[in-house]
Student: 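To start, I am sharing the structure in question, which I have written as C-alpha cells.
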Amino acid sequence: MMLKRLNANAKNALYIGVLCSVSYLAVYFARNILSAVTPQMLEDGFSEAYIGEVSSLFLILYAVGQLINGVIGDRIKAKYMISFGLLFAAVGNLLFCYLPRFSVPAAVGYGLSGFALSMIYGPMTKVVAENTEWKYTARCSLGYTFSSFFGSPLAGVCATFLTWQSVFAVGNITLILMAALCFGCFCLFEKKGVVRYGQYDAPKNRRVGMAGIRILLRRQIVGYTLISMLTGIVRTSVVFWLPTYILQHLGFSGTESASIFSVVTLLISLSAFAAIFLYERIGRNMERATLLLFSASAVFFLLTSITAHSYSNLICLVLAIFCSNGAASVLWSIYSPSLRDTGLVSGATGFLDFASYAAAAAFNLLFADAVSAIGWGGMILVWCGLMLVGIAVSVWNLCAVKRNTV
C-alpha cells in the first residue's frame, strides 16, 4: 500500500537504496570481523603485532583499490563491479582462515579481500547519484552510510556468540549470497529502466588530466580530502582498536569487550541520521555541519582524556567517535553525490576513499608502537588534535565557498 502512494522516481530510489544499503551492510560486516574477533584471536595465540600488520595490509590494498577501482567504476557497469567485488572478497577471507596461521599467503589473502571490497563504494555512489532525483539521493546515500557504521555492531554481536572462525564463515556466506543477489537485481533494474548508465558521463577530455582536476578543485576537493583522511582515521583505525581499548585500558574481559563493542558501535551507527538531521536544520550547509561536528568531537575527546571512571570514559569516547563519524556522513552522503554533474562521481569518490584509508593504514602501522610509547591517554589527545585540524579545514572550506559565491 505504501509503495503505491510513491511516485515512480521515489520507488526507483527506494529500490536502488535498499539494494545498495543491504549490499554495503555485507561489506562492512565482513570488514569489521577482524576487529570484532581480535580479543578472541589474542586469547587464541595471535599477537597484536601480527593482527596489526594484517589489518594494515588490508587497509593499504583497500585504499589503493579505491583509487584504481573508482576510476574503473566510471567506465564499467555497477553490477559487475559490485557483484564480483563481493565474491572475490569471500575468496580472500577463505584464504586467510584456512591457510596456515601467521603465513604470508594467509595475510596476502586477507589483503586481497580488502582490494576486492574496494570495487564497491565508488560505483555504488555513482549509480545512486545518477539514477535518483537529488531530493532522494542523500537519503539513499544515508542508507548505505548507516550500513557502513552498522556493520561493526553486527560483527560484534556475532563475535559475542560465535568463535572467531565461525564469524568469518558467516561473513563469507553473506558475501557470496549478496554477490548473487546484487547481480540478479541489477540485471532486473536495467531491464525495467530503474538503472541507466551514461547519463552524466564527462566528456573524454575532462575525465582525466588538468580539466577534470580543475573542476574538482572548484568543488573543494582538497578540503574534503583532508576531511576524508581525518574521519577515516577515526572511523577505521580508532574503531578497529576500540575493543582492545575496552579490554586493556578500561579493564573489561574479552567477552565483555565484544558485547560492549557491539552496543557502542550500534549507537555510533546512528550518527549518519544525526548528521543529515543537523545538515537540514542549519540550511543544508555542508561546511557548517562539519565545523559543528568536528568541534563537538574535539570536546568529547578532551573529556575522555580527563575522565577516569570506566563507563564515563567510554561514554565520552563514543560521543567523540559519533560526532567524527557524523562529519564523515556529510562527506559521503552529501558531498560525493553532489559531484554527479561532473560525470566523475566514482573516480572522485574512489580518490576520497583512497585518502581516507591510506591515512587510516598509516595511522594503524604507528598505533601499536605509539600506545606503548605514550599510552592510551596520549593517544586520546592525538585524536583530539586531529579533530582540531578538522575544525580548521571546515573553516577553510566555508571561506572558500563564500569566495566562490561572491
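Model, not experiment: these values are computed from the prediction.
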Student: Is the backbone N or O of Thr307 less than 3.5 Å from a side-chain atom of Asn313, with the two atoms forming a donor-acceptor pair by type?
Tutor: yes
Student: Taking the side chain as everything from C-beta on, heavy atoms only, tell me whether Tyr335 gets closer than 4.5 Å to Ile221.
Tutor: yes
Student: Has Thr160 got a side-chain atom pairing as donor or acceptor with Gly156's backbone, closer than 3.5 angstrom?
Tutor: yes
Student: Distance-only, no hydrogens or angles: does the Ser324 side chain make a donor-acceptor pair with backbone N or O of Ala320 under 3.5 Å?
Tutor: no
Student: Between Ile227 and Phe294, is any pair of side-chain heavy atoms under 4.5 Å apart?
Tutor: yes
Student: What pair of heavy atoms forms the shortest contact from Ala90 to Asn172, and how long is it?
Tutor: O-OD1, 3.6 Å
Student: Please round to the nearest 0.5 Å and tell me the distance separating atom CD1 of Ile321 and atom CZ of Phe300.
Tutor: 12.5 Å
Student: Does a side-chain heavy-atom distance below 4.5 Å link Leu162 with Val37?
Tutor: no
Student: Can you name the closest pair of heavy atoms from Ala159 and Ala36 and give their distance?
Tutor: CB-O, 3.7 Å
Student: Using side-chain heavy atoms (C-beta onward) and a distance below 4.5 Å, is Val234 in contact with Met387?
Tutor: yes
Student: Kindly compute the distance separating CE (Met379) from SG (Cys384), expressed to the nearest 0.5 Å.
Tutor: 12.5 Å
Student: Are Lys77 and Glu190 side-chain neighbours, meaning at least one heavy-atom pair lies under 4.5 Å?
Tutor: yes
Student: What are the two closest heavy atoms between Ala355 and Met229, and how far apart are they?
Tutor: O-CG, 3.4 Å
Student: With heavy-atom distances below 4.5 Å as the criterion, would you say the side chains of Met124 and Ile82 are in contact?
Tutor: yes
Student: With side-chain contact (heavy atoms from CB on, under 4.5 Å) as the test, would you mind laying out the steps for Leu42 and Ile51 before giving the verdict?
Tutor: CA-CA 9 Å; Leu42 292 175; Ile51 293 174; 4.0 Å; yes
Student: Determine whether the aromatic ring centres of residues Tyr80 and Phe186 are separated by less than 6.0 angstrom.
Tutor: no
Student: With a 3.5 Å cut-off and no angle check, do the side chains of Asn131 and Tyr15 form a donor-acceptor pair?
Tutor: no
Student: Give a yes or no on whether the backbone of Val71 and the side-chain of Ser346 come within a donor-acceptor separation of less than 3.5 Å.
Tutor: no
Student: Side-chain contact, heavy-atom cut-off 4.5 Å: Cys182 with Leu19?
Tutor: yes
Student: Trp332 and Ser228: side-chain contact (heavy atoms from CB on, under 4.5 Å), yes or no, with the steps?
Tutor: CA-CA 9 Å; Trp332 303 116; Ser228 175; 3.7 Å; yes
Student: Test your reading of the model: is there a side-chain donor-acceptor pair from Thr225 to the backbone of Leu352, 3.5 Å cut-off?
Tutor: no
Student: Using only heavy-atom distances, determine whether the side chains of Ser394 and Thr290 contain a donor-acceptor pair under 3.5 Å.
Tutor: yes
Student: Is a side-chain donor or acceptor of Ser297 paired with a backbone partner of Leu293 at a separation under 3.5 angstrom?
Tutor: no
Student: Taking all atoms of both residues into account, what is the closest heavy-atom pair of Val393 and Gly223, and its distance?
Tutor: CG1-O, 3.3 Å
Student: Return the CG to CD1 distance between Asn93 and Ile173, rounded to the nearest 0.5 Å.
Tutor: 12.0 Å
Student: With heavy-atom distances below 4.5 Å as the criterion, would you say the side chains of Ser83 and Leu87 are in contact?
Tutor: no
Student: Spell out, as yes or no, whether a donor-acceptor pair under 3.5 Å connects the side chain of Thr231 to the backbone of Ala328.
Tutor: no
Student: Do side-chain atoms of Gln66 reach the backbone of Tyr121 as a donor and acceptor pair under 3.5 angstrom?
Tutor: no
Student: Got a second to check how far Arg284's CZ is from Leu278's CG, nearest 0.5 Å?
Tutor: 12.5 Å
Student: Rounded to the nearest 0.5 Å, how far does OG of Ser356 lie from OH of Tyr62?
Tutor: 8.5 Å
Student: Given Phe88 and Leu112, is the side-chain contact (heavy atoms from CB on, under 4.5 Å) satisfied, shown in steps?
Tutor: CA-CA 8 Å; Phe88 295 154; Leu112 291 177; over 6 Å; no
Student: How many angstroms lie between OH in Tyr279 and CD in Glu287, if you round to the nearest 0.5 Å?
Tutor: 9.0 Å
Student: Which of parallel (below 30°), tilted (30 to 60°) and perpendicular (above 60°) describes Phe363 and Trp383?
Tutor: tilted
Student: Can you tell me which residue among Phe96, Tyr98, Phe29 is in a ring pair (Phe, Tyr, Trp, His ring centres under 6.0 Å) with Phe168?
Tutor: Phe96
Student: Measure from the ring center of Phe351 to the ring center of Tyr224 and say whether it is less than 6.0 Å.
Tutor: no
Student: Can a donor-acceptor pair be found, under 3.5 Å and without considering hydrogens, that links the side chain of Asn32 to the backbone of Tyr28?
Tutor: yes
Student: Report the C-alpha separation of Val382 and Ile374 in whole Å, then their side-chain angles, then the decisive distance to 0.1 Å, and conclude whether the side-chain contact (heavy atoms from CB on, under 4.5 Å) test is met.
Tutor: CA-CA 10 Å; Val382 171; Ile374 63 176; 4.1 Å; yes
Student: Quick check against the 3.5 Å criterion: does Ser113 have a side-chain atom that pairs as donor or acceptor with the backbone of Gly92?
Tutor: no
Student: Looking at every heavy atom in both Val330 and Ala275, which two are closest together, and how far apart are they?
Tutor: CG2-CB, 4.3 Å
Student: What are the two closest non-hydrogen atoms of Val64 and Phe354, and how far apart are they?
Tutor: N-CD1, 3.8 Å
